[in-house]
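What you see below is based on every heavy atom in this structure, not just the backbone, and it leaves out hydrogens, waters and symmetry mates. It should be emphasised that the depicted structure is a prediction, and the values quoted were computed from it without experimental measurement. For the single chain, residues carry numbers from 1 onward in sequence order.
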Amino acid sequence: MKKKSILQQIILFILFIAIVLIVNNILKTYLINRGIDDYNIHLTFKIISNCILGAVSFLVAKKLDLFFIGGLSKIKPQKIWLSIFPLLFLVLLNGLFLDAIPNSTTLNFLLLAIYCLSIGFSEELSIRSVLLPLIVNYFGNDRKAQVKAVLISAFIFGLLHLIKFDKGLYGEISQVIFATFIGVMFGAILLVIKRIYPLIIIHAIIDFVAKLDTINIPVKETISNPMDIESAIFSIILTLPCFIYGIYVIKKQLPLNN
């Protein structure tokens, strides 16, 4: 396939993801403006949106023959132990900064678990199973192309977090950077273990722990305040090990020939 066609596919898919995220924000604002800020209602809409994004991503990966690079083939997972670090590190990091967990019902916990699983499903399939393989194909499908794809897809993943823009300038910049760090780590691991499903589960567990202190809290009360520069720098430093680990995986674990 010509580079021009692949580039068009990349741009169109990024636009698709952006539109889904924008629609989510519009719907959230619409519900809040009408006095609907119930935790379960908002989570249900987000689950539906994530499932749509994940399902479309799966179909795109199948249509464009991206299953192998995107980790959706039936190949046996390789070096699965590489996924231990992101799970332990990010769960511990999120757990350390948790506030008190509010009183909640079984339904709240169930919805949160489903919601976090839908996040892992949608983000991993869209960024790692579609966008990353498309960029690999654009650059030529060799090891250098894979490294470029990991870095570029991770940066795009970071930039997409700007769409909400609810943390102030410093908060948004830090979010782009630490999301990029995490994206590099996840993308590198995918290319080595060659299956996306472990990353989906890990992503879901990490998010579940991170969101426990907002469970069953009305959406209006969870809107964050702008982050100051010290907090922004601190969050970047805390997630820097993710980037370092991603570089380690690329340099030491990614085969010279795939």
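In the displayed structure, Asn103 atom CG is contacted under 6.0 Å by at most 12 heavy atoms of other residues, nucleotides or ligands. Around NZ of Lys79, the count of heavy atoms belonging to other residues, nucleotides or ligands within 6.0 Å exceeds 12. Heavy-atom contacts from other residues, nucleotides or ligands closer than 6.0 Å to CG of Asp65 number 12 or fewer. Within 6.0 Å of CZ in Phe89 there are more than 12 heavy atoms belonging to other residues, nucleotides or ligands.
In this structure, Phe181 and Phe243 have tilted ring planes: the angle between them lies in the 30° to 60° band.
For Phe157, the ring-ring contact (aromatic ring centres under 6.0 Å, His included) partners two or more places apart in sequence, or in a different chain, are His161. Every residue meeting the salt bridge (charged side-chain N to carboxylate O under 4.0 Å, His left out) condition with Glu124, not counting sequence neighbours, appears here in chain and number order: Arg128. Annotation: side-chain contact (heavy atoms from CB on, under 4.5 Å) contacts of Ile19 (sequence neighbours excluded): Val23. A search for side-chain contact (heavy atoms from CB on, under 4.5 Å) contacts involving Pro133 returns Leu66, Ile69, not counting sequence neighbours.
Closest heavy-atom contact between Leu131 and Ile127: CB-O, 3.4 Å. Closest approach of Gly54 and Leu125 over heavy atoms only: O-CD1, 3.4 Å.
When each of Leu151, Val147, Val249, Ile189 is paired with Val184, the side chain to side chain contact (heavy atoms under 4.5 Å, CB included) condition holds for Leu151 and for no other.
Applying the under-4.5 Å side-chain rule to Ile, Leu, Val, Met, Phe, Trp and Tyr, the cluster around Leu31 extends to Leu27, Tyr30, Ile36, Ile41, Phe45. Taking Ile, Leu, Val, Met, Phe, Trp and Tyr as hydrophobic and joining them when side-chain heavy atoms fall under 4.5 Å apart, one finds Ile229 in a cluster with Tyr170, Ile233, Ile237.
Between the side chain of Gln78 and the backbone N or O of Lys76, at least one donor-acceptor pair lies under 3.5 Å.
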_Check against side chain to side chain contact (heavy atoms under 4.5 Å, CB included), Phe13 and Ser57_ = CA-CA 9 Å; Phe13 193 72; Ser57 298; 3.4 Å; yes
